[in-house]
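Step one of this worksheet: look at the structure below.
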Amino acid sequence: MSFAQIPVQAALDYAGERSDLSLQLAGPLRAILQKDGLETLYETLEHPLLPVLMAIEMAGVRIDGPALATQAQRIDEELYTLAKRIYELAGEEFNINSPKKLGEILFDKMALTTETLRRTSKTKAHSTAFEVLEELGLVHELPRLVLEWRGLMKLKGTYIDALPQLVHPQTGRVHTCFNQAVAATGRLSSSDPNLQNIPIRTELGREIRRAFVADRGNVLISADYSQIELRVLAHMSGDPALLEAFTGNVDIHDRTAMKVFGPDSGLSEHELRRRAKIINYALLYGKQAFTLAKDIGVSREEAQSFIDAYFAGFPSVRAFIDGIIESGRNTGVVKTMFGRRRLVPDLNNRNGQVRGAAERAAVNMPIQGSAADILKKAMIDVHAALPGVAGGRARMILTVHDELLFEAPAEAADETAAAVRELMESAVKLNVPLTVDVGVGENWKEAKS
DNA sequence: TTCAATGGCGCG
DNA sequence: AAAGCGCGCCATTGAA
């Protein structure tokens, strides 16, 4: 959308050139749209979305800089303490941020080993990725400390230190750039800065998210689609059990737990739901028993039996997956509900690894892409309605795949929340209801209730 | 100084 | 790491 990545002088030179090129390209590109049956998608979705994205970018988001600065100090102290201990255990000082140096310490100097050799894909060096350090952590303290150090370092470098520097001097807010033609599935991406990967999963992460705040007198309103990809799956596959669960407002993870683990597995409700959630979101895209076993802490054989039970319980899902791969192999293309296309030539690749990866991507695209289509439609509808809501004082300020974030005067919070929920839930008509969770708060974390 | 490749990891 | 998918950004490394 913006010139975020283009140097100023180049942008000046480029502006005129881009206008001319756009004009030259319009004809040929229109012909391609027509040939591929994409004119409706363009006219009704992508083109109307453009001004919405521009409005969001210009609105920006307010960041509580001092709050982040306070965090930075505390993190620095923890990092210093951790590093000192790591150096003691290693018997020398080294760059913990360098996988190369860390590997030399762990595997050469200390001679730690993993069950099976893990090498990085490009350089065939010893991997020091999370799973490796996690395994090494069972027998030694140092890798555990390195993981802790990495977690702090990641959040500090990527968010705590970086975000305050990106506050625009004129607006006092952070303005991202939404990229409309990057993701292969039709999703939007966000860059400079990326506001679609703000932390939330750890306590420190949640602290960072609390630094995304509303202006004085305003509140933030978060509205996110509940399990939208699974609902899209229910709609597209027509699976009776999935349709029934969503229509009857049954908790989908509990339902999967029942189908996969049975009524008397002996597991706690919480553990059942946790495992079922992983299964729901993973199996659809081809997760293997090997990886599932690691994720939920069971044997490979048990994991395989869960996978078998899942597809036995949702038979149309199996057929849906196979159908996408089959038609993709024949036509070279997979599509979303709205007709968005992704070319998948590698479905016929003779290399099994490459072919397998292509199959998983091909199955993922119609689901992830249809969810993206739906959110885009909702964005257009909501943005069009905002002038009539809360006296036109509510603004859309962010979009994150299945969530929209708004800023509105505190006294208009309820009115705005209700309007947003209604518009999002009725943006698209599926064979299952779309439900939206709405929350209000002074900051983003609080608004996600 | 800048760039690209790499390993690694934040989010949905 | 890869043997769920989709992204973008960080620091390091080596080269230009």
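All heavy atoms count here, side chains included; hydrogens, waters and symmetry mates do not. Sequence lines set the chain letters: A, B, ... in the order given, protein chains first and strands last, and positions in each chain run from 1. From a predicted model like this one, the values you see are computed outputs, not experimental measurements.
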Rounded to 10 degrees, the angle between the two terminal axes of the helix from B:dT1-C:dA16 to B:dG12-C:dC5, each from five pairs: 10°

Among B:dG12, C:dC9, C:dA3, the nucleotide that comes nearest once only the side chain of A:R360 is considered: C:dA3

A:S189 side chain near C:dG8 phosphate (N/O to OP1/OP2, under 4.0 Å): yes

Residues touching DNA chain B, which here means a heavy atom under 4.0 Å, drawn from residues 113-136 of chain A: A:T120, A:S121, A:K122, A:T123, A:S127, A:T128, A:A129, A:F130

Under-3.5 Å donor-acceptor pair between A:K154 side chain and B:dC9 base: yes

base_contact_polar (B:dG7 base, A:R150 side chain, donor-acceptor, <3.5 Å): no

N or O in side chain of A:R187 less than 4.0 angstrom from C:dC7 OP1/OP2: no

N or O in side chain of A:R342 less than 4.0 angstrom from C:dG6 OP1/OP2: yes

Phosphate-side-chain proximity, A:Q288 and C:dG4, N/O vs OP1/OP2 below 4.0 Å: no

No-H, no-angle donor-acceptor pair, A:N197 side chain to B:dG10 base, under 3.5 Å: yes

Pair A:E92 + A:K109, salt bridge at N-O below 4.0 Å: yes

Lys/Arg-Asp/Glu bridge criterion (N-O < 4.0 Å) met for A:E46, A:K376: yes

